[in-house]
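Data first, discussion second: the structure below is written as structure tokens.
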There are 2 protein chains.
Amino acid sequence: MKIQDIARLANVSVATVSRVINNNDNVREETKERINRIIKENNYYPNVIARNLSKNENNTIGIIIPDIKNLYFASIMDGIVNEASRRNLNIILGCSNENFELQEKYIELFIEQRVKGIIIAVTQNSYTKIDFFDQTSLKIPLVLIDRKIDKQMPGVFFENFHSVYGVIEKFIKYGKKKIGFLAGSQTISTAKERLEGYKKALKDNEIKYDKKLVLYGDFTLESGYNLGKEILKREIDGIYISNNSMTLGFLKVLKELNINSENIKIATFEDNEIIRFIDEKIVSYNMPFSELAKRSIEILESLLKNDTSDTTVEISL
Amino acid sequence: MKIQDIARLANVSVATVSRVINNNDNVREETKERINRIIKENNYYPNVIARNLSKNENNTIGIIIPDIKNLYFASIMDGIVNEASRRNLNIILGCSNENFELQEKYIELFIEQRVKGIIIAVTQNSYTKIDFFDQTSLKIPLVLIDRKIDKQMPGVFFENFHSVYGVIEKFIKYGKKKIGFLAGSQTISTAKERLEGYKKALKDNEIKYDKKLVLYGDFTLESGYNLGKEILKREIDGIYISNNSMTLGFLKVLKELNINSENIKIATFEDNEIIRFIDEKIVSYNMPFSELAKRSIEILESLLKNDTSDTTVEISL
DNA sequence: CTGAAAGCGCTTACAG
DNA sequence: CTGAAAGCGCTTACAG
């Protein structure tokens, strides 16, 4: 069923049908009603693809994240899907699984689909791929979320540095002397910035940086588990763990070794139902995911209007 | 940049360019190379939307789920996204938030986008909406996942009944006499079937059904928490909890009341990293999410070929 | 208030 | 091996 069929059934031209579909102009009330009735009776839905082609428009945006099953990214997704729905935008979804080639494939796919733009949490090895992102942002409006690359680009991020800095400073004020740190892969901007926050807070408070207290993992539960075993040998009195999965791994060690977490003050980046459930004394911040989602779509809209001011924003926690 | 621009630059017709883009026919090797070079140099990406319109094709499928942040549905999503990627299908995503009207809106949107079909985990109040789904499956191929409605339709589901039946039977064999049951909303097929499995297992093993041991919740953590407090007053020696969120709520009660879970055998439907982490002795099954994803896309493809045999499948656990 | 016609960016049967 | 032309399902400036 297409617009022609409706036109024939209603004894009008396709132009007239098009007008009532789009609530355009002035169509005689009577024929408008007749056409609407016929549309209804025949279960006709206009072909938006054809409309978009004709109007040179597109109301879909692409989004790419590295991991759907991680609650952190699922929350971001959720925010974006709901905000998009509010704005009558369609979401076309890609999941890179931290794989750069797959991410590349999705970007090409989305360009071919002529999406309005792409909102992307880049894979962990994207940080240094400046040329690639320069090139692709020439081809399509690109908004980074959560993870930066090594060049200022439009995007919205959390204030990783300040968040960690504040927590560590508090730990120190509470008298903690040996604060461990489980870092994420330093090819991810968020992992880097969190570590920097830790280092700077120590420095500003005149605590010597002890590299034995900093272990490097890869944001997975397993790595939190393994590093946890290791760092617990160092007699720490506090610890900052760089993401949610590693925190779960660390808590697992605590449980297995039957260590009472009263003795070690624990902090992590993201407050989340699960972690808080396991140990409610863990220090963390509530993440304004829906704000991140909202801002990222707003920035995309700005980019589309060639308004490039304030397109890089950091959300404080 | 469009196909015409490339044609002009290459001094050929658009037909020829189209042929090399699609790797069609026989184009002289020399001109093929020239055209490909020009395409590359100009960063030209064919407009898939226009191609699809012209070929009367579409390589995107719609998917609607009730909750992105629930790991259960996130896992289903993950499976579908990856399977779709393998098959070069695009995913356009909607999240109903258990809201029937929003679900309806997404379905209309997807029909207008002329997706190949829709894969959907329906909202909790969809069970009795037979007419609605009859109507929409007339308009677009529809594959239900995870949750059924009150009529046989194409879809892929887990064997809820048998899974619960088996667990309860084992509990009984182990000597459990008072097995509690935290049910989900009985407007969701999965919640119903799980309860039925419980009832039947009791019956077949000659244990009297005690309705005081069955409490009804709504699949949320809070409801698991509240019902947990209640059911623990009943001196149960085993309990089956109908989904992951309610299980977390129940475990929270256990922790708060400092109850040793040795005394109560606990089972839930879905094995999941988090729950197993909190209490590894909980009985549950590993969910073959990727199989569910794969089958649902296969069924969609069958439907598109008008092959309607075996379009309703149950995956055993 | 309404229609004929050109155009959106492609593909493809037909002809050469 | 290549091109001219019709067509995919719409929209819209133009004319009446």
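Labels below follow one simple rule: chain letters A, B, ... track the order of the sequence lines, proteins then strands, and each chain is numbered from 1. What you see is a predicted model; the values in this text were computed from it and never measured.
- A:S18 comes within 4.0 angstrom of a base, heavy atoms only.
- Side chains of A:I120 and A:I107 form a contact here, defined as non-hydrogen atoms less than 4.5 Å apart.
- For B:K139 and A:Y45, the positive end is not near the middle of the six-membered ring at less than 6.0 Å and at most 45° from its axis.
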Which pairs, protein N/O on one side and nucleotides 13-16 of chain D N/O on the other, fall under 3.5 Å?
{"from": "D:dA13", "atom 1": "N6", "to": "A:R19", "atom 2": "NH2", "distance (Å)": "3.2"}

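- Judged by the 6.0 Å and 45° rule, B:K148 forms a cation-pi pair with B:F157.
- For A:I35 and C:dG3, the CD1 to C1' distance is 12 Å, given to the nearest whole Å.
- Taking a cutoff of 4.0 Å between a charged side-chain nitrogen and a carboxylate oxygen, A:R295 and A:E298 qualify as a salt bridge.
- For B:T16, a side-chain nitrogen or oxygen approaches OP1 or OP2 of D:dG3 to under 4.0 Å.
- Using modelled atom types, one finds a donor on one side chain and an acceptor on the other under 3.5 Å when comparing B:S126 with B:T123.
- Between B:T31 and D:dC1, a side-chain N or O to OP1/OP2 separation shorter than 4.0 Å is absent.
- Secondary-structure stems of DNA chain D, taken as three or more successive Watson-Crick or G-U wobble pairs (i with j, i+1 with j-1) under a 3.5 Å distance threshold, comprise C:1-3 with D:14-16, C:5-12 with D:5-12, C:14-16 with D:1-3.
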Measure all distances between protein nitrogen or oxygen atoms and nitrogen or oxygen atoms of nucleotides 7-9 of chain D, and list the pairs falling under 3.5 Å.
{"from": "D:dG7", "atom 1": "N2", "to": "B:S54", "atom 2": "OG", "distance (Å)": "3.2"}
{"from": "D:dC8", "atom 1": "O2", "to": "B:S54", "atom 2": "N", "distance (Å)": "3.2"}
{"from": "D:dG9", "atom 1": "OP2", "to": "A:K2", "atom 2": "NZ", "distance (Å)": "2.7"}
{"from": "D:dG9", "atom 1": "N2", "to": "A:A50", "atom 2": "O", "distance (Å)": "3.3"}

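- Side-chain atoms of A:N70 and A:N243 form no donor-acceptor pair, as typed in the model, at a separation below 3.5 Å.
- Under the rule for a ring pair (Phe, Tyr, Trp, His ring centres under 6.0 Å), the partners of A:Y72 that lie at least two apart in sequence or sit in another chain are A:F289.
- Rounded to an integer number of Å, the gap from CG of B:N52 to P of D:dC10 is 15 Å.
- Heavy atoms from other residues, nucleotides or ligands lying under 6.0 Å from NZ of B:K294 number 12 at most.
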Hey, can you pull the donor-acceptor pairs under 3.5 Å for the side chains in residues 29-37 of chain A, sequence neighbours left out?
{"from": "A:T31", "atom 1": "OG1", "to": "A:R28", "atom 2": "O", "distance (Å)": "3.1"}
{"from": "A:R34", "atom 1": "NH1", "to": "A:A10", "atom 2": "O", "distance (Å)": "2.3"}
{"from": "A:R37", "atom 1": "NH1", "to": "A:E41", "atom 2": "OE2", "distance (Å)": "3.3"}

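- Looking at residues two or more places apart in sequence or on another chain, you find no salt bridge (charged side-chain N to carboxylate O under 4.0 Å, His left out) involving B:D310.
- Nucleotides D:dG16 and D:dT12 place their C1' atoms 16 Å apart, quoted to the nearest Å.
- For the pair B:Q113 CD and D:dC10 C1', the interatomic distance rounds to 14 Å; values are reported in whole Å.
- Protein atom CD1 of B:I6 is 15 Å distant from nucleotide atom P of D:dG3, rounded to whole Å.
- Here B:V12 lies in heavy-atom contact (under 4.0 Å) with sugar-phosphate atoms only.
- Rounded to an integer number of Å, the gap from A:N24 CG to D:dC10 P is 15 Å.
- The shortest non-hydrogen separation linking A:N58 to A:R114 is ND2-O, 2.6 Å.
- Comparing the P positions of D:dC14 and D:dC10 gives a spacing of 24 Å, expressed to the nearest Å.
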